[in-house]
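Note that the structure is a prediction, hence the values are computed from the model and not measured. To find a chain, count down the sequence lines: A is the first, B the second, and so on, and within it residues start at 1.
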Protein chains: 2
Amino acid sequence: MQSRSPASRTGRPRSATADAAILAATREALVELGWSKLTLGDVATRAGVAKTTLYRRWAGKNELVVDAVAELFDALELPDRGSLAADIEGVVLQFATILALPEAKSGLMAVVAEATRDDALRERIRASVVDRQKRLVLEGRARAQARGELPPEPDPASSARTVDLIFDMVAGAVVHRTLVSAEPADEEWVRGFTRVLLHGLGD
Amino acid sequence: MQSRSPASRTGRPRSATADAAILAATREALVELGWSKLTLGDVATRAGVAKTTLYRRWAGKNELVVDAVAELFDALELPDRGSLAADIEGVVLQFATILALPEAKSGLMAVVAEATRDDALRERIRASVVDRQKRLVLEGRARAQARGELPPEPDPASSARTVDLIFDMVAGAVVHRTLVSAEPADEEWVRGFTRVLLHGLGD
DNA sequence: GGCTTTCGCTACGAGTCGTAGCGTAATGCC
DNA sequence: GGCATTACGCTACGACTCGTAGCGAAAGCC
């Protein structure tokens, strides 16, 4: 969330209810209006708060939408399904389900686009959205190595590179499938994707 | 480009010079201002044309930026490097080079985000940007099958699915690497990506 | 020359932005 | 309980952008 300086202990505290109402209203507006037609004044009205309250907490539309969308990814987890392939399929399906939500589709790509010219915004996205997924890649690999499905990584540097590569491939493919190709990343697609990811095109 | 009705053969023709100037000015403004701060009035001034001329040819910012960015992908081709791996590396590097341009980064993701709520816009992107890349996937696979590096596809339906899958994986990974991870998709990264794509994680 | 369409220019109402100012409400500290 | 401090709701504001309308002039085809 927004960083409130912990030194301030005096004065009226910020309403946590208002926070939740604003983020919910933002997602609602994303569904109904989309990114470009979403206005902060409208969000304030939907949330039942004053527009000035919004500007006290968020620097602008970008930061607000990142926080609103980030909450959607809280549900991500990696259930142990017994094999690397099954684990991958499970988590990719979860990711695809979240990304299929209209509020995620409209908002996420727009803030990513804005982040190309705003380092602070990109860092905010990384911290609140991306890292939560990258953790799943690390967990899944550790499990697979414990099962003997993947060889252990000797070199820590090359290990980090591999995680980044896998992450770009998984997240990138699902995002591209959902947003650009505009086709559902359903079970059939996820099975095919996992097969190529694990065994390559040559089979 | 924009569809001018071919029946209209009379009257003053539209200036092709103005078209080129507008698209160039759009890319210039994308570099300097980014998507959100780009205004059509500013583009018109840069291009040396009246704002009304812009609105006569494009419905709005979305369509204009799609056309401006699409021209960047005209340079894509698939040189024959002798092996499937080398072909993939070559074309992925080309794609990454284009996507690293600031005007492509700022503009492309923004219009993709807008396209989640605008079918016509998504179709415009598909026609002018995506299909040009998908053609390369088809060519590359045909070459690899001729060389015996890939098995021939018996079922046309499953063949089309595979092309779509490969395309989502390639384009998605490069886009995610460049825009979200904000790391360069350089030769080293492309080599690692190609290896996983061809042989899988289990090696 | 006449017809048609585009061009540059100006002007306009509508809408959004982000901020300032004010009085009030809610908390911690003494 | 009183005080300082901060958040809140509300209103109003100038600045900006949007997309369109109307005009006279320009450039092509018959």
Could you walk me through whether A/R177 and B/D164 pass the salt bridge (Lys or Arg N to Asp or Glu O under 4.0 Å) check? CA-CA 9 Å; A/R177 168 80 174 177; B/D164 288 345; 5.2 Å; no
N/O-N/O pairs, protein side and nucleotides 24-26 of chain D side, under 3.5 Å:
{"from": "D/dA26", "atom 1": "N3", "to": "B/R12", "atom 2": "NH1", "distance (Å)": "3.2"}

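Ring-plane geometry between A/F167 and B/H176 is classed as perpendicular, the angle between the planes exceeding 60 degrees on a 0 to 90 degree scale with a lower cut at 30.
In this view, B/L165 and A/W189, A/F193, A/V196, B/M169 satisfy the side-chain contact (heavy atoms from CB on, under 4.5 Å) rule, not counting sequence neighbours. Legend: residues meeting side-chain contact (heavy atoms from CB on, under 4.5 Å) with A/S83, ordered by chain and number and at least two apart, are A/A85, A/A86, A/E149. For the salt bridge (Lys or Arg N to Asp or Glu O under 4.0 Å) test, no residue two or more places apart in sequence or in another chain qualifies with A/D155.
Protein atom CD1 of B/I22 is 12 Å distant from nucleotide atom C1' of C/dT6, rounded to whole Å. The separation between A/R14 atom CZ and D/dT5 atom P is 18 Å, rounded to whole Å. Straight-line distance from the CG atom of B/L33 to the P atom of D/dT17: 10 Å, rounded to whole Å.
Neither OP1 nor OP2 of C/dT5 sits under 4.0 Å from any side-chain N or O of B/T10.
A side-chain donor from one of A/S159 and A/R141 sits under 3.5 Å from a side-chain acceptor of the other.
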Letter by letter from the 5' end, nucleotides 11-22 of chain C scores (B base, S sugar-phosphate only, - none; protein heavy atoms under 4.0 Å) -----SSBBB--
With a cut-off of 3.5 Å and sequence neighbours excluded, list every side-chain donor-acceptor pair involving residues 27-35 of chain B.
{"from": "B/R27", "atom 1": "NH1", "to": "B/A68", "atom 2": "O", "distance (Å)": "2.8"}
{"from": "B/R27", "atom 1": "NH1", "to": "B/E71", "atom 2": "OE1", "distance (Å)": "2.8"}
{"from": "B/R27", "atom 1": "NH2", "to": "B/E71", "atom 2": "OE1", "distance (Å)": "3.2"}
{"from": "B/E28", "atom 1": "OE2", "to": "B/R46", "atom 2": "NH1", "distance (Å)": "2.8"}
{"from": "B/E32", "atom 1": "OE1", "to": "B/R46", "atom 2": "NH1", "distance (Å)": "3.4"}
{"from": "B/E32", "atom 1": "OE1", "to": "B/R46", "atom 2": "NH2", "distance (Å)": "3.1"}
{"from": "B/E32", "atom 1": "OE2", "to": "B/R46", "atom 2": "NH1", "distance (Å)": "3.4"}

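Inter-residue side-chain proximity for B/V91 and B/F95 is flagged as unmet; no heavy-atom pair is nearer than 4.5 Å.
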